[in-house]
Amino acid sequence: MTSSFRRLLAVAALLVPLAAAAGCAPAETTPTDAQATCEPGALPTLTDGTLTFGTDQPVYPPWYLDDDPASGEGFEGAVAYAIAEELGYARDRVTWVRVPFNAAIQPGPKTYDVNLTEFSITEERRRAVDFSSPYYDVKQAVIALEGTPAAAATTIAQLKELRVGAQVGTTSLEAVSEQIAPAAGPAVFNTNDDAKLALTNGQIDALVVDLPTAFYITSAELDNGTIVGQLPLGGGTPEQFGAVLDLGSPLTGCVSQAVDRLRDAGTLAQLEAQWLASAGSAPELR
């Protein structure tokens with residue numbers, strides 16, 4: 001047997017199990033072959049018998065209410081407990097930890113099993129973390145103060161000469177940079193609270209956030225805030241929120257299956273109608 005033939009046999013031996021594993025792995029959302037069996041209530045979680053969710057601090061309506069994710073109030077709070085139930089974890093077997101938005105999607109060990117903090121699924125983020133199947137399709141929206149030039153804008157071109165900001169590390173900031181492309185560049189803030197303060201103080205003319213958050217900010221937080229309009233989705237796959245897990249997590253496939261079952265059963269649509277109904281429409285900027 002020649003050395004070349006021996007090498008071919010060795011490669012073939014490696015490819016067979018890899019091909020078999022790839023054939024049964026869930027699509028796209030599961031970049032690892034090390035999948036859990038999804039036995040209800042007995043997944044390989046950080047703490048045996050407990051499912052740990054992570055989210056930012058503070059968190060805001062309509063995603064969470066009163067900065068209390070454990071209440072299950074708000075869209076993502078309700079989705080988290082629905083996922084937990086699908087995975088076999090009762091409410092008393094669910095715990096929460098707080099993780100800053102940017103830290104939650106950095107490479108390295110996680111303090112949570114699953115994180116729901118309006119994380120849009122992007123290929124860049126996939127290099128550092130896993131994503132579940134998407135649980136919400138989202139649009140970005142522009143908000144401003146009534147009576148200002150930004151509030152009167154009806155096109156994206158009219159925003160280009162204005163000062164437009166967004167929270168660091170978000171797809172809202174990407175939308176400012178790529179879709180609006182203001183001449184002065186985007187204004188970047190650590191949190192939406194910082195950005196809202198800059199808006200009210202006149203440091204920026206407009207702020208970009210996801211559409212449900214825009215409805216909440218303009219209806220409950222800014223007395224004279226208004227939604228200028230929503231940015232178009234463009235072609236291809238819409239922007240979607242997914243639950244974040246550690247890169248190569250054995251739970252990714254199980255969480256994706258739970259999300260898929262919730263979608264197929266109409267549960268996600270029901271929760272969206274319950275918590276995000278006010279985010280139904282806004283004029284689209286062109």
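If you're wondering where the values come from, they're calculated on a predicted model, not measured in any experiment. The first residue in the sequence is number 1, and the count goes up from there.
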Tightest non-hydrogen contact, residues A84 and V94, listed as CB-CG2, 3.6 Å

In terms of heavy-atom contacts, R98 and D56 come closest through NH1-O, 2.8 Å

Scanning both residues in full, the closest heavy-atom pair of G242 with Y135 reads C-CE2, 3.4 Å

Please determine whether a side-chain nitrogen of the Lys or Arg among D264 and R261 lies less than 4.0 Å from a carboxylate oxygen of the Asp or Glu. no

Linking I/L/V/M/F/W/Y whenever their side-chain heavy atoms sit closer than 4.5 Å, directly or via other members, would L222 and I204 fall into one cluster?
yes

I'd like to know if the side chain of D205 and the backbone of A144 have a donor-acceptor N/O pair within less than 3.5 Å.
no

Query - Check: Y89 side chain, L43 main-chain N or O, donor-acceptor pair, under 3.5 Å - result: yes

- Message: Treating D67 as the side-chain partner and V59 as the backbone partner, does any N or O pair qualify as donor plus acceptor under 3.5 Å?
- Response: yes

_Please say yes or no: joined through hydrophobic side-chain contacts below 4.5 Å, possibly via intermediate residues, are L145 and L159 part of one cluster?_
no

Distance col, row L51:CG vs R91:CZ, nearest 0.5 angstrom, shows 13.0 Å

Here the gap from N192 atom CG to I143 atom CD1, rounded to the nearest 0.5 Å, amounts to 8.0 Å

**Request:** Using the six-membered ring wherever Trp is involved, compare the ring planes of F53 and Y81 and label them parallel, tilted or perpendicular (cut-offs 30° and 60°).
**Result:** tilted

_Under a 3.5 Å distance rule, please check whether S177 uses its side chain to pair with a backbone N or O of E174 as donor and acceptor._
no

Output, in order, the C-alpha distance, side-chain angles, deciding distance and verdict of side-chain contact (heavy atoms from CB on, under 4.5 Å) for L162 and T148.
CA-CA 11 Å; L162 302 178; T148 63; over 6 Å; no

Smallest heavy-atom separation, S133 atom then S256 atom, equals N-OG, 3.0 Å

Shortest non-hydrogen pair, G74 vs L65, comes out as N-CG, 3.9 Å

| query | Between D210 and T171, is a side-chain contact (heavy atoms from CB on, under 4.5 Å) present by the stated rule, with each step listed? | reply | CA-CA 9 Å; D210 60 76; T171 50; over 6 Å; no

dist F101:CZ -> T191:OG1 (nearest 0.5 Å) comes out at 12.0 Å

Query - Modelled atom types, side-chain donor and acceptor of E239 and S120, under 3.5 Å - result: yes

- Query: Does any non-hydrogen side-chain atom of V114 lie less than 4.5 Å from one of S132?
  - Reply: no

- prompt: L271 versus Q274: any side-chain heavy-atom pair under 4.5 Å?
  reply: yes

Exercise. Does atom CD of E85 have more than 12 heavy-atom neighbours, drawn from other residues, nucleotides or ligands, at distances under 6.0 Å?
Worked result: no

Quick check on N201: does its CG atom have over 12 non-hydrogen neighbours (other residues, nucleotides or ligands) under 6.0 Å away? yes

T55 side chain vs L116 backbone, donor-acceptor pair below 3.5 Å:
yes

Heavy-atom side-chain contact between L87 and C254 under 4.5 Å: yes

Output for pair (Q203 CD, L197 CG), nearest 0.5 Å, gives 6.5 Å

* To do: Ignoring hydrogens and angles, tell me if any N or O in the side chain of Q158 forms a donor-acceptor pair with the backbone of T154 under 3.5 Å.
  => yes

Backbone N or O of L231 within a donor-acceptor pair of the Q140 side chain at under 3.5 Å?
no

Just so I know, are the side chains of I227 and F215 near enough to count as touching, which here means a heavy-atom distance under 4.5 Å?
yes

_Regarding D130 and K110, does a basic nitrogen lie under 4.0 Å from an acidic carboxylate oxygen?_
no

* Asked: Are F75 and V255 connected in the hydrophobic side-chain network, where two residues link if heavy atoms are under 4.5 Å apart?
  -> yes

Heavy-atom nearest pair, A187 first then L173, reads O-CD1, 4.4 Å

Give the cluster check for V176 versus L285: same hydrophobic cluster or not, with ILVMFWY residues linked at side-chain heavy-atom distances below 4.5 Å.
yes

Q: Report yes or no: is the cationic atom of R125 (NZ for Lys, CZ for Arg) under 6.0 Å from the centre of the six-membered ring of F131, at an angle within 45° of the ring normal?
A: no

message: Go through it in stages, so that I can follow the logic: the residues are T52 and T111, the test is side-chain contact (heavy atoms from CB on, under 4.5 Å), and I'd like the CA-CA distance, side-chain angles, deciding distance and then a yes or no.
response: CA-CA 8 Å; T52 301; T111 58; over 6 Å; no

I'd like to check N190 versus Q167 (side-chain heavy atoms, cut-off strictly below 4.5 Å). Are they in contact? no

Notebook entry, point to check: Are the side chains of P44 and L251 in touch, meaning some heavy atoms are under 4.5 Å apart?
Noted result: yes

| Any donor and acceptor pair, going by atom type alone, linking the side chain of D246 with main-chain N or O of S249 inside 3.5 Å? | no

Interatomic distance, NZ@K196 vs CG@L207, rounded to 0.5 Å, equals 8.5 Å

(Q) Quick check: do P182 and R163 have side-chain heavy atoms less than 4.5 Å from each other? (A) no

To the nearest 0.5 Å, atom CZ of R93 lies from atom CG of D48 at 10.0 Å

Should D193 and Y60 be marked as a side-chain contact (heavy atoms from CB on, under 4.5 Å) after you check the CA-CA gap, both sets of side-chain angles, and the distance that decides it?
CA-CA 10 Å; D193 279 345; Y60 305 97; 2.7 Å; yes

ask   = In terms of the angle between their ring planes, are Y136 and F241 parallel, tilted or perpendicular, with boundaries placed at 30° and 60°?
value = tilted

task: Could you verify whether a donor N or O on one side chain and an acceptor N or O on the other, from T117 and N115, lie under 3.5 Å apart?
output: yes

Discussion item. Checking the side chain of E118 only, and the main-chain atoms of E76 only, is there a donor and an acceptor separated by less than 3.5 Å?
Written reply: no

With side chains defined as the heavy atoms from C-beta onward, is the minimum distance between V129 and F119 less than 4.5 Å? no

Check: If two hydrophobic side chains count as joined below 4.5 Å and joins carry through other members, does L46 share a cluster with I105?
Finding: no

Counting N and O atoms only, with roles assigned by atom type, does the side chain of T45 sit under 3.5 Å from a partner on the main chain of T50, one being a donor and the other an acceptor? yes

